[in-house]
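Order of the sequence lines sets the chain letters (A, B, ...), proteins ahead of strands, with each chain counted from 1.
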There are 2 protein chains.
Amino acid sequence: MRESDPPESRPYHHGDLRRALVEAACRLLEREGAAALSLRAVAREAGVSPAAPYHHFKDKSELLDAVAHEGWDKLAIAFQAAREAHTSARDRVRELGVAYVGFANRHPDLYRVMYDCSRDKADMPADVLEDENSAYGRVKNVLISAGADPADEISLELATIACWCAAHGLAEMTSFKQFDPLKDALGGEEAFLRGVLDHVAVFTKGL
Amino acid sequence: MRESDPPESRPYHHGDLRRALVEAACRLLEREGAAALSLRAVAREAGVSPAAPYHHFKDKSELLDAVAHEGWDKLAIAFQAAREAHTSARDRVRELGVAYVGFANRHPDLYRVMYDCSRDKADMPADVLEDENSAYGRVKNVLISAGADPADEISLELATIACWCAAHGLAEMTSFKQFDPLKDALGGEEAFLRGVLDHVAVFTKGL
DNA sequence: GCGCTATCTTAGCGTTGTTAAAATAAGAAC
DNA sequence: GTTCTTATTTTAACAACGCTAAGATAGCGC
């Protein structure tokens, strides 16, 4: 009785419904946007009844948490790509920001879910902040490799947060139409991002 | 038949229901938070039927627009207070940021409504950006008074946007619990804000 | 084979945003 | 001052939502 799985219609027990639900949610998010992401719609997309998800997630927000986690993983991948291939310290920091904002622009609804979850919990996922290879840790490392003093932990932390805040703010605002003329004048979205991020000079204290 | 207006129970026609609804919404926002801000709850708070608002607002989002507008006005007032009493250029820019983030911290749910509205329309309210005395214009002026070249319009615009993005990002993230140790180390929330904002050095190009 | 338990479905509750139709009041026309 | 018109408000209803309780189904240990 499932439409997208014609041959041997799915068994009563799904196998890994939890996984299927998260994927259905991501699919919906891309296809219909964040406003359309209801629990019932996700269940529909996965081909199960509206009550089925409650055996795998305590409530809707727990499903969204799982989606958000998926998002942070994807962001980490996008970051990895940006790390290579830039020589100057300034470039590396900036390009990390470009990658970050670029990700948010490519997946605006997913990005929204990610931050809504964080805000509701007043916390970002622990692994985003603590891991050496996490997004946050990576910014910190680039700052160090750019000359920031690793011994001055407080200043390093503040600089990292400043970077992150600017990137997050920009991620939420780049799509504002008011900036269109400026983007045109600079020759495109990416040039605009670089322009803004170049004004977030986190080096003033370090070099 | 209205509880909070005992003597001559309100007339059938309200007088200025539009105004009353916006105020009821603001009251609800402070008292119960953004999650509780339903159209029906607002109508309830104003003492009218669930359908009454539709004669003054096309739909819920239009009511929220009005609430958001109220918010931008309040922010402008908070900005006004911050303008005075700081000598160094750097101080003035930073304190504008502190005022901004402070406002967001004092009215987190209102701030959320303000930005959600902007995002849905992919635009901030025109008067926030265009007015000379608007928040945006004020940042620009402070940057000029701090030495930025008013002739280099593009760079000035980029710097202003950088400031705004950092402030917005910080506004949405200051309440994250991960930053608590750092706040303690620095001696409080305000010191933390100043610390972060000092790393957003938008002057590198100008002075 | 039997029962146990996890999984899924059906049915239903209370809430929401929104609309349609009827009720009410205020103002204009005469 | 009565009547007509129009703006405002109410009642009633719809579909969709999150969530819960009850029962159906099926895999697994025995």
Side-chain angles (χ1 to χ4, degrees), chain A residues 1-5 8-25 28-29 31-68 109 112-113 116-117 120-121, chain B residues 1-5 8-25 28-29 31-68 109 112-113 116-117 120-121:
Chain A
M1 227 47 96
R2 219 242 229 101
E3 49 273 8
S4 52
D5 213 349
E8 17 70 297
S9 252
R10 79 109 188 303
Y12 190 91
H13 286 78
H14 187 287
D16 193 355
L17 182 54
R18 188 191 162 92
R19 177 82 247 163
L21 286 169
V22 174
E23 279 167 12
L28 261 176
L29 212 46
R31 175 150 33 93
E32 325 236 3
L37 194 71
S38 69
L39 234 191
R40 292 175 105 103
V42 172
R44 220 152 29 213
E45 172 80 15
V48 295
S49 83
Y54 286 91
H55 290 268
H56 302 272
F57 302 98
K58 179 173 138 287
D59 55 16
K60 184 186 180 183
S61 83
E62 234 186 39
L63 205 202
L64 293 187
D65 282 351
V67 173
D109 299 279
R112 172 113 92 125
V113 169
D116 282 354
C117 284
D120 287 349
K121 292 203 281 298
Chain B
M1 229 48 93
R2 220 246 231 97
E3 50 274 7
S4 52
D5 214 348
E8 19 68 295
S9 252
R10 75 107 190 302
Y12 189 91
H13 286 78
H14 186 288
D16 193 355
L17 182 54
R18 186 189 162 92
R19 176 83 242 153
L21 286 169
V22 174
E23 279 167 13
L28 261 177
L29 212 47
R31 176 151 34 92
E32 326 236 2
L37 193 71
S38 69
L39 233 193
R40 291 177 106 104
V42 172
R44 223 151 29 211
E45 171 82 16
V48 296
S49 84
Y54 286 89
H55 290 266
H56 302 272
F57 302 97
K58 179 175 138 288
D59 55 15
K60 184 186 181 183
S61 83
E62 233 185 39
L63 206 202
L64 293 187
D65 283 350
V67 173
D109 299 279
R112 170 111 92 130
V113 170
D116 282 354
C117 285
D120 287 349
K121 292 203 280 300

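Using a 4.5 Å heavy-atom threshold, the side chains of Asp59(A) and Glu62(A) count as touching. Using a 4.5 Å heavy-atom cutoff, the side chains of Phe57(B) and Asp65(B) are not in contact.
Atom pair Phe57(A):CZ and dG18(D):C1' shows a separation of 15 Å (rounding to whole Å applied). Rounded to an integer number of Å, the gap from His55(A) NE2 to dT20(D) P is 11 Å. The interatomic distance linking Glu62(A) (CD) with dC19(D) (P) rounds to 10 Å, in whole Å. Summarising the geometry, the separation between CG on Leu17(B) and C1' on dA25(C) is reported as 15 Å, rounded to the nearest angstrom.
Pairing each heavy atom of Arg18(B) with each of His56(B), the nearest pair is NH1-O, 3.2 Å. Here the closest heavy-atom approach between residue Ala68(A) and residue Cys117(A) is recorded as CB-SG, 3.9 Å.
A donor-acceptor distance shorter than 3.5 angstrom exists from the side chain of Asp109(B) to the backbone of Ala34(B), with no hydrogens or angles considered.
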Reading nucleotides 13-20 of chain C from 5' to 3' and marking B where a protein heavy atom lies under 4.0 Å of the base, S where only the sugar-phosphate is that close, and - otherwise, the string is ---BBBBB
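Within the structure, a side-chain polar atom (N or O) of His56(A) is placed less than 4.0 Å from OP1 or OP2 of dC8(C).
Checked for salt-bridge contact, Lys60(A) and Asp116(A) miss the test: no charged N lies under 4.0 Å from a carboxylate O.
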